[in-house]
Amino acid sequence: MEVLVLNSGSSSLKHQLFDMTDGRVLASGLVERIGEAESRVVSRTPGADGALVEHTETVAVADHGAALERIVAALADAGLGRDLAGIGHRVVHGGERFVAPTLIDADVIAGIRDQVPLAPLHNPANLAGIEDALALRPDVPQVAVFDTAFHRTLPEHAYRYAIPTTYYEEHGVRRYGFHGTSHAFVAKRAADHLGRDLDTTNLITAHLGNGASITAIEAGRSVDTSMGLTPLEGLVMGTRSGDLDPAVIFHLERVAGLDSDAVDTVLNKQSGLKGLCGDNDLRTVEERAAAGDAEATLALELYAYRIRKYVGAYTAVLGRVDALVFTAGVGENSPVVRGMVVDGLTGLGYGLDATVNDQRAEGRLLDVTGAGAAVRTLVVPTDEELEIAEQTLACVQQG
Ligand code: ADP
């Protein structure tokens, strides 16, 4: 039983094809720089011995529809994707309407379009992927899986901003949260590892990738999360500022002469690690810091300090924490960041085993809890595509 997962960005289209009987990846790939003269097409399909073989091509791919045609043709050449149980689409913003995986029809497409003002960059690209896939494979049930959905359980005191209610009621200005599929996936794996029911487990999950967010999970449900109306709020990220005094925006407009689009670009694309030290890739920042570079050292300290503050805040939100979970590119691969976060939190019961922490997860769950620590610390590799595939299949089977 096969499920195809599509992640359609503004100039890219990623895919993974799963065998849902065992969660195995049958094929995967991506098309980047769609619409440019030289698009890059990467396709991994099974070779003669069944192992995935990667092919890379540089060709012009005009639009998302053409990208999808290539993907489907490559799958067909490998004898795959003909009999799909479902196609799952990652959709960034579900607003208040979409709080669960949803079987796509014309009304759902219109509903996703209604959320575009909340996610002007992401939702149109997600919609393009959906419409192309429906045109190419109208025979296959298609499901939208929303990044915001896991955070539907936020209590109102966590999701409302203290601004006049009319802006919430008229314009949906509230906190929604993102990376929901990842937080949900690692929460399940963490509870399994702890030998507990997720329903009785309290966790703090830190998804640290290019984008980064941290979530307080009480009895398996998201009760607070660091991203807000958009993915800009919260932690320091690769190129996003995370939390700041909103008055910084008026100051940049009135004093530095930026208009609101320019401020948007500064805060989303030129801030975070990149704004502080010129590099947004944490590996490079760590290397520079290790070599004594002052800007990179400050960037790394600010990055870890912000995470530590949130872990402290969410420890207070939850009262009892069963485990702190690190995931995504940085969370899974950076002993340095994990150390900088947890070593400052011994007073709250957190602690690391330095030897285990020095390992890379490389697809495995690592229990990095130190001797005598009251709260467990885990490294849990995330797999957003598999989570989307599982949710897609469940949605299709429920009808
Ligand atoms: P995305 O949000 O694009 O899915 P990822 O989850 O792949 O991002 O995370 C990308 C980040 O992970 C980058 O900042 C990268 O530097 C960081 N990263 C990956 N490997 C390592 C490593 N070995 N050490 C430190 N950081 C790493």
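Every number for a ligand or one of its atoms is a count from 1 in the order of the listing. Throughout, residue positions are numbered sequentially from 1 according to the sequence presented.
- Using a cutoff of 4.0 Å between basic side-chain nitrogens and carboxylate oxygens, E233 and R175 are scored as salt-bridged.
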Using distance only, find each side-chain donor-acceptor pair of residues 67-88 under 3.5 Å and give its atom names and separation, not counting sequence neighbours.
unit_1, atom_1, unit_2, atom_2, d
R70, NH1, E57, OE1, 3.3
R82, NH2, A76, O, 3.1

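- In terms of N/O distances under 3.5 Å, ligand 1 is not approached by L208.
- Between Y176 and H93, the distance separating the two ring centers is shorter than 6.0 angstrom.
- Here the shortest heavy-atom distance to atom 19 (C) of ligand 1, taken over R283, E332, H207, H179, belongs to R283.
- Residue contact check: G211 has heavy atoms under 4.0 Å from atoms 2 (O) of ligand 1.
- Evaluation of the side-chain hydrogen bond (donor to acceptor under 3.5 Å, both in side chains) rule for H64 yields no partner, not counting sequence neighbours.
- Looking from atom 14 (O) of ligand 1 to the surrounding protein, the closest heavy atom is L282 N, 3.2 Å.
- Nearest-residue assignment for atom 22 (C) of ligand 1 (options T284, N210, N333, T382; heavy-atom criterion): N333.
- Every N/O-N/O distance between G209 and ligand 1 stays at or above 3.5 Å.
- Remark: minimum distance from atom 18 (N) of ligand 1 to any protein heavy atom is reached at G329 O, 3.6 Å.
- Classification of D367 and R376 as a salt-bridged pair holds, one side-chain N sitting under 4.0 Å from a carboxylate O.
- With respect to the salt-bridge test (charged N to carboxylate O, under 4.0 angstrom), the residues K274 and D281 do not qualify.
- Between the choices T327, V330, D281, the shortest heavy-atom distance to atom 16 (O) of ligand 1 belongs to D281.
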